[in-house]
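Just below is one structure, and these are the notes that go with it.
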Amino acid sequence: MLPERMINLLILGLLLAVPLVALAMDEPFIITLATKAAVLAVAGVGLNLALGQGGLVSFGHAAYFGVGGYAMGILASHAQSYTPIMEVPFLIEGTKSMLVIWLVAIVASALVALLVGALSLRTSGVYFIMVTLAFGQMLYYFAISWPAYGGEDGLSIYVRNGFPGLNTLDPIQFFGLCFAVLLIVLFVVNLLNKSPFGLALNGAHQNEERARTVGINVYRLRLTAFVISGAITGLAGALFADLNRFVSPTMFSWHTSGEIMVFIILGGVARLCGPVAGAAVYILLEHVLGGLSEYWHIYLGAILLFVVLFAKGGLVGGLSRREVRHAG
Amino acid sequence: MPDEVILDVRDLHKSFGALKASDGISLDLRAGEIHALIGPNGAGKSTLIKQIAGGLKPDRGAVHFMGRDVSALSVAQRAQAGLGRTFQISALAMEYTVMENAVLGAIGQSGRTFGFFRPAMKDRALLDIAGAALERVGLADHASTVTSELSHGQRRQLEVAVALTLAPRAFLMDEPMAGMGAEGSRELTGFLRELKHQAPILLVEHDMDAVFALADRISVLVYGKIIATGSVDEIRSNADVKTAYLGEEDAA
């Protein structure tokens with residue numbers, strides 16, 4: 001049994017080591033797989049803030065993942081076709097700059113999360129799950145039926161967007177960028193978890209009545225967490241779109257919401273690096289089992305069942321010992 | 001001012017279908033006193049407490065606190081205004097340590113719920129408030145104990161400590177003695193007797209010995225109505241109360 005911090009370092013160390021070894025062995029595909037794990041981990045870390053810390057079981061986080069993806073797709077597609085996004089009342093042009101795209105993805109997904117959260121947080125339990133799912137599906141069907149941006153076929157972006165000082169088409173450099181984003185997100189989420197906000201959020205998860213009775217506005221607290229959570233998942237969506245140089249309505253579908261949730265359950269609910277471990281294992285299984293059988297999800301299901309039944313707290317929870325979060 | 005009215009409940013009505021849980025209840029809580037609310041099971045004590053705390057909206061009537069009409073305020077806003085509440089069944093964050101629960105109270109009171117970046121458990125101001133509250137109830141030695149591992153009595157103490165972190169102007173205590181042993185009950189009685197000078201206590205309690213030992217005034221609630229309010233002696237000798245609550249055989 002190791003302290004959780006050691007396990008976190010181990011997980012991140014492994015995720016960093018795999019592409020470096022792959023680079024030495026000239027296996028760019030493995031680097032791409034690691035990049036995918038890092039990007040999906042960001043999405044998972046985002047959802048984990050709402051689901052793990054806040055106890056808000058959102059089954060519609062694909063909405064933010066998709067909004068982030070389409071933010072990238074729309075901005076980059078206009079840039080590659082040299083057409084403005086709109087001209088009246090003022091001119092907005094597309095861009096191939098990742099920094100601008102990330103910013104737009106974060107703001108847009110935060111706004112959508114604000115709207116969805118403001119409505120869905122008035123419900124709780126199963127209703128909350130269903131309302132978030134419904135919003136996700138609404139956006140899915142909206143994307144399918146929006147011909148301007150590819151409809152069902154999605155949008156292809158021919159050249160990966162640019163980041164100052166990097167050649168983003170080089171797999172290892174793009175991995176480095178995504179890994180850095182993951183580290184920053186983990187750093188911020190860790191600060192949030194330990195802050196008064198995080199303590200209140202988890203406290204309200206454990207006992208809502210208690211939080212109210214000490215004067216905490218639980219609705220506002222949860223809405224704030226939900227918006228931050230959505231924004232992080234939106235950022236992941238923009239990165240995912242850039243990784244594939246392709247966006248499609250699939251990013252919005254409830255399968256995507258479920259997958260992000262699976263990362264968390266596999267890795268450890270409310271564990272800082274749980275979604276990182278979960279996403280990495282998921283990608284590994286998809287690659288290894290997917291090579292054996294088209295129906296690899298059956299094995300994934302069995303593994304998930306095992307984790308839920310026997311390793312409460314997921315991979316991270318199973319490996320780490322319980323800690324008291326402060327001394328004295 | 002010893003007779004200053006801190007909490008003033010005016011003509012509360014609350015019905016659930018045909019059941020009148022609160023049928024025109026008026027009572028007040030004055031500075032420095034313990035006002036005990038007693039009544040048989042089903043008399044509407046919990047319903048009344050919920051309406052005072054803000055969790056349940058009365059059909060009619062008003063709650064004034066510190067000279068202000070708080071009827072429209074939420075539970076959280078009333079807590080912010082200084083209404084400290086303890087529950088009959090401990091409502092604590094069970095996975096948190098004792099200290100974390102107390103810090104949670106300090107966060108709510110300080111209005112720092114939206115502090116995002118400084119670790120709460122390293123914040124001197126929060127830890128001082130929380131530590132002082134734990135010290136007062138005698139839980140300082142258990143600060144790092146996980147709450148779910150506390151004994152029943154210790155949880156009750158922690159409830160009081162969390163209420164204390166709010167620097168409350170009045171306490172609402174719902175059966176603080178429930179499930180406590182004789183020893184614990186006695187200790188808590190002594191503690192509450194002292195605490196009332198800091199902020200008055202509206203006490204719902206089944207333990208009659210504790211009520212008679214502690215209360216400055218007692219109100220008796222029966223079927224949603226207050227049938228008597230008065231000192232311990234007045235209540236003991238009130239014929240209606242004897243009939244309705246203390247047992248009819250005593251009235252004979």
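Chain letters run A, B, ... following the sequence lines, proteins first and then strands; every chain starts at 1. What you see is a predicted model; the values in this text were computed from it and never measured. All values below were derived from every heavy atom in this structure, side-chain atoms included, with hydrogens, water molecules and symmetry-related copies excluded.
The environment of NZ in B:K50 is sparse: at most 12 heavy-atom neighbours from other residues, nucleotides or ligands sit within 6.0 Å. For B:Q198, the CD atom is densely surrounded, since the number of other residues' heavy atoms within 6.0 Å is greater than 12. Heavy-atom neighbours of B:R136 CZ from other residues, nucleotides or ligands within 6.0 Å: above the threshold of 12. Around the CZ atom of B:F16, the shell of radius 6.0 Å holds more than 12 heavy atoms that belong to other residues, nucleotides or ligands.
At a 4.5 Å heavy-atom cutoff, B:S74 makes no contact with chain A through either its backbone or its side chain. Contact annotation for B:L127: neither backbone nor side-chain heavy atoms come within less than 4.5 Å of a heavy atom of chain A. For A:T224, the part sitting under 4.5 Å from any heavy atom of chain B is the side chain, from C-beta outward, and nothing else. No part of A:L201 comes within reach of chain B, as not one of its non-hydrogen atoms sits under 4.5 angstrom from that chain. Only the backbone of B:R118 has a heavy atom closer than 4.5 Å to any heavy atom of chain A.
Exactly one residue among B:I107, B:L104, B:V103 makes a side chain to side chain contact (heavy atoms under 4.5 Å, CB included) with A:P196. That residue is B:I107. Across B:T113, B:V75, B:V162, B:N101, a single residue satisfies side chain to side chain contact (heavy atoms under 4.5 Å, CB included) together with A:V214, and that is B:V162.
Between B:F114 atom CZ and A:R220 atom CZ the span is 4.5 Å, to the nearest 0.5 Å. Once rounded to the nearest 0.5 Å, the distance linking CZ of B:R112 with CD1 of A:I216 reads 12.0 Å.
In this structure, B:R78 and A:R212 have side chains that are not in contact, with every pair of non-hydrogen atoms separated by 4.5 Å or more.
Nearest heavy atoms, A:L192 versus B:F116: CD2-CD2, 3.6 Å. Looking at every heavy atom in both residues, B:Y96 comes nearest to A:N202 through OH-CB, 3.0 Å. Residues B:A79 and A:G215 approach most closely at CB-N, 3.4 Å, considering heavy atoms. When every heavy atom of A:Q206 is checked against every heavy atom of B:E95, the shortest pair comes out as OE1-N, 2.8 Å.
Here A:L199 is the residue among A:N207, A:L199, A:N217, A:L191 with the most heavy-atom pairs under 4.5 Å with chain B. Counting heavy-atom pairs under 4.5 Å between each of B:S110, B:G131, B:G115 and chain A puts B:G115 at the top.
When atom types are taken as modelled, the side chain of A:R210 and the backbone of B:A91 share a donor-acceptor pair closer than 3.5 angstrom.
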